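First the structure, in the form of structure tokens, and then the observations on it.
Everything numeric here is computed off the predicted structure, so don't read it as measured data.
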There are 2 protein chains.
Amino acid sequence: MVTLKQLAKELNVSISTVSKALNNSEEIGEETVKRVKELAELYNYKPNKVALSLKQNATKTIGVIIPDILNHFLAKVLFGIEREATKYGYNIITCISNESLEQEKESLRLLANGSVDGFILSVAEETQIKNEIEHFKRTITQGLPIVMFDRVAHDVLCDKVIVDDFDATFNATKNLFSENRKHIAFISTLDGLSVGKLRERGYKKAIFETTGGEPLVLKIKKKDDQQKKIMAFFKKNPEIDGVIAADSSSGIIAINTAVKLGLKVPKNISVIGFASKSDSYHTIPQLTTIRQHAKEIGTSAAQMLINRLQNKPIDVDVKTKIVKTTLIKGKSIL
Amino acid sequence: MVTLKQLAKELNVSISTVSKALNNSEEIGEETVKRVKELAELYNYKPNKVALSLKQNATKTIGVIIPDILNHFLAKVLFGIEREATKYGYNIITCISNESLEQEKESLRLLANGSVDGFILSVAEETQIKNEIEHFKRTITQGLPIVMFDRVAHDVLCDKVIVDDFDATFNATKNLFSENRKHIAFISTLDGLSVGKLRERGYKKAIFETTGGEPLVLKIKKKDDQQKKIMAFFKKNPEIDGVIAADSSSGIIAINTAVKLGLKVPKNISVIGFASKSDSYHTIPQLTTIRQHAKEIGTSAAQMLINRLQNKPIDVDVKTKIVKTTLIKGKSIL
DNA sequence: TTGAAAGCGCTAACAG
DNA sequence: CTGTTAGCGCTTTCAA
């Protein structure tokens, strides 16, 4: 890479002249500016980012820590963050915590050394289970703002972007009741997560409000065979005529399992799942989905962080933005 | 963030003494080292990454440019890259080209200013179609090594990690012939990509070698309704008794469609698709998949790049690593 | 209109 | 054993 120094030498002027010329300073003579710019162009000069960062004490880089890149929702949020960040001239450094508290801490620690100006993150499962928040607080105290999305630590004072998980399942369940379903089950692989709990509560509230009957909940662990669990669940509870799935794969597998068991979807059983558009094509009939607008969540999170970074006076009041879900009707409900 | 300067002042020693003490230099007295380390600990001192990068003229950061983060395969490669990079103390800056040549160029340009030490990338679809490679060459000439994976530009001299796409579909097709299938179709959404073409060729070669009959190919465009296309294809060609799907969703939809049409899988029709483990659970029976070992591809790519970065003498000969696919039998073939 | 110098935070050669 | 100095590439004040 060419440096100002090299250009200056070649042009027989000083480094500062070159710098000013390239930055369109009024101070420099027209002729000089022209000469400088031409040579810079020729050598494809680009200001060294690292030097700029050091000088300006800001990297224009955002640290993003997500628990799982293979999760379609999280990947899509990342996409949204990347788009928005790029738009404002920010780069993103991505770390994957793998749902591990240790890795989350480590990533935070490693990047909190001037590598990034702030963080956008979704809390790891282990962190939520152990309810650890010190590492977040420490980071914020150090002067690095954090924006949390989806899985948030409520006790940490920072900006947040969340989904209306409770309302989403509440409304979805109500929806199935309104098409006269009597035995609506809830299937979830997200038991350890704040969002999983909220979704379960929304479902239960709808059940209690409507029938006063017993909720029917199937919790699946990561290591379980999801297909087998769901098949066994359906066989054991043949009265099930509606399913709310808290995650994308459970909804897909529920439909396929129902079909396999000879049930007609949606004639005999309705299914609604948290899933993306592309997931909904993985079943026949197409899955009715609760969309979380992952990309918008990413966009909002990035906006909030960049906003905070650019408003120098440390704004004390934190904001929580709720991105509302939308129920997109496929053919899996009446 | 605390700096050496502040520590030095507080300790009444020089900056370099502090620096040396913290770096366990032999030069510094035991007592001093102790005092320095204690204060550093107290203030949670961490060397400023940006200053180090400037000094050492290396950022320990890798630029990763991928065409689509929502593609499960690419996301998994990214995961592999992140793991391996982290292991060696490298961070990754991720850019998403969105299959666009312009964005790919822009990302390369924006990061080639000292932000990263090298690149790992998979070529955007538009770039492959237009066959543009100048931006890659320019970057390499600038001294930034590139490692390409999966979708590579063969005319660019750089390290590459690729999949044995041709062999994979060739063998998969042969496999279906060996279970006595007579009318094997090929379904692909990847027509514009180098890997899509290779997969088609592998299939065709197997067809020609075995039956001498006509290949039966369905190409689906991004904007098409994939479910409808596949349904129509099956209806128009009821003789089909085997399917090789070049992408993950086509395989899943093919099985679901077959089931919908009343066919028994695998009794009446076998299906093999390029897909991940989690995808294979999206069908009943479980999809037989060609696994690309995405994570290993990421790991290898990262290793190759880091290796090149650490072997200062610019190694001229480039390597291409082929990661072999594995056929994982589900229940969708005999 | 141009240049010299300081400084961002750090390391390292060299001097004391 | 400790300190001074230079320098990584850049911007910016101040001096010429």
Check ion pair A:K87-A:E82 (N to O, under 4.0 angstrom): no
Want to settle it: does A:S19 or B:V13 sit nearer the 5' end of DNA chain D, counting the closest nucleotide to each? B:V13
Value in whole Å for how far the P atom of C:dT1 lies from CD of A:E30: 9 Å
I'd like to know whether B:V36 forms a side-chain contact (heavy atoms from CB on, under 4.5 Å) with B:E38, so could you lay out the CA-CA distance, the side-chain angles of the two residues, the decisive distance to 0.1 Å, and finally the verdict. CA-CA 5 Å; B:V36 170; B:E38 275 172 8; over 6 Å; no
To the nearest Å, how far apart are B:L7 CG and C:dG9 C1'? 12 Å
A:I28 CD1 to C:dG3 P, straight-line distance once rounded to whole Å: 8 Å
Find the distance B:L22:CG to D:dT2:P and express it as a whole number of Å. 13 Å
Any non-hydrogen side-chain atom of A:R83 less than 4.5 Å from a side-chain atom of A:T299? no
For the residue pair A:S100 / A:S97, report whether a side-chain donor-acceptor contact shorter than 3.5 Å exists. no
Set of residues satisfying side chain to side chain contact (heavy atoms under 4.5 Å, CB included) with respect to B:I162, sequence neighbours excluded: B:V152, B:T320, B:I322
For atom CG of B:N12 and atom C1' of D:dT2, their distance in whole Å: 13 Å
How far does the helix from C:dT1-D:dA16 to C:dG16-D:dC1 bend, going by the axes of its first and last five pairs, to the nearest 10°? 60°
Listed nucleotide nearest any side-chain atom of B:S16, set C:dG3, D:dT4, C:dT1: D:dT4
Considering only nitrogen or oxygen atoms on both sides, find all protein atoms under 3.5 Å from nucleotides 7-9 of chain D and state each distance.
unit_1 : atom_1 : unit_2 : atom_2 : d
D:dG7  : N2     : B:K55  : NZ     : 2.5
D:dG7  : N3     : B:K55  : NZ     : 3.3
D:dC8  : OP1    : A:K5   : NZ     : 3.2
D:dC8  : OP2    : A:K5   : NZ     : 3.4

For A:V50, answer base if it contacts any base atom (sugar-phosphate contacts may also be present), sugar-phosphate if it contacts only those atoms, and nothing otherwise; contact means non-hydrogen atoms under 4.0 Å. nothing
The single option from B:K319, B:K321, B:R308, B:Q303 that satisfies side chain to side chain donor-acceptor pair (under 3.5 Å) with B:D159 is B:R308
Every protein N/O lying under 3.5 Å from an N/O of nucleotides 14-16 of chain C:
none

Can you measure B:I15 atom CD1 to C:dT11 atom C1' for me and round it to whole angstrom units? 11 Å
Looking at B:R109 and B:E106, is there a salt bridge between them, counting it only when a charged N and a carboxylate O are closer than 4.0 Å? yes
Given atom CD of A:E26 and atom P of D:dT12, what is their separation to the nearest angstrom? 14 Å
B:R151/B:E99 salt bridge by N-O under 4.0 Å criterion: yes
Could you note down all residue pairs passing salt bridge (charged side-chain N to carboxylate O under 4.0 Å, His left out) where residues 116-131 of chain A supplies at least one of them, sequence neighbours left out? A:E125-A:K222, A:E126-A:K130
When you check the gap from the basic side-chain N to the acidic O, do A:E132 and A:K105 get nearer than 4.0 Å? yes
Sugar-phosphate only, base, or nothing, as touched by B:S53 at under 4.0 Å among non-hydrogen atoms: nothing
What is the distance from NZ of A:K9 to P of C:dT2, rounded to the nearest Å? 21 Å
Between A:N23 and A:S25, do the side chains contain a donor N or O and an acceptor N or O under 3.5 Å apart? no
For the side chain of B:T17, starting at C-beta, report the closest nucleotide among D:dT11, D:dT2, C:dA4. D:dT2
Taking salt bridge (Lys or Arg N to Asp or Glu O under 4.0 Å) as the definition, give me every residue that meets it alongside A:E104, ordered by chain and number, with sequence neighbours left out. none
